[in-house]
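All remarks here apply to the structure that follows.
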Amino acid sequence: MYELELHRLRSAELRRTAREERLAREAVRSRRAARRERTGHAAPAAESHTDGSHRRGLPHTA
């Protein structure tokens, strides 16, 4: 009986943690969407911090 109660407590804790993480992801998603609307960016690719200009075409020879 004791093990069953521990299992139920752990299960409830895992569900609560999952719900909190889901809400946090949803909040981040909505803040990003609001920021995109304010700045006028239409595509999620506009959020990218790298544009690839730092890469070189060919490696240097030794």
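In this text, all values refer to a predicted model and were calculated from it rather than measured experimentally.
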Quick one: list whatever passes side-chain hydrogen bond (donor to acceptor under 3.5 Å, both in side chains) with Arg15, sequence neighbours left out.
Ser11

Members other than Leu9 in its cluster, when Ile, Leu, Val, Met, Phe, Trp, Tyr link by side-chain heavy atoms under 4.5 Å?
none

Out of His7, Glu13, Arg8, which one pairs with Arg10 under the side chain to side chain contact (heavy atoms under 4.5 Å, CB included) rule?
Glu13

What salt bridge (charged side-chain N to carboxylate O under 4.0 Å, His left out) pairs are there with at least one residue in residues 16-28, not counting sequence neighbours?
none

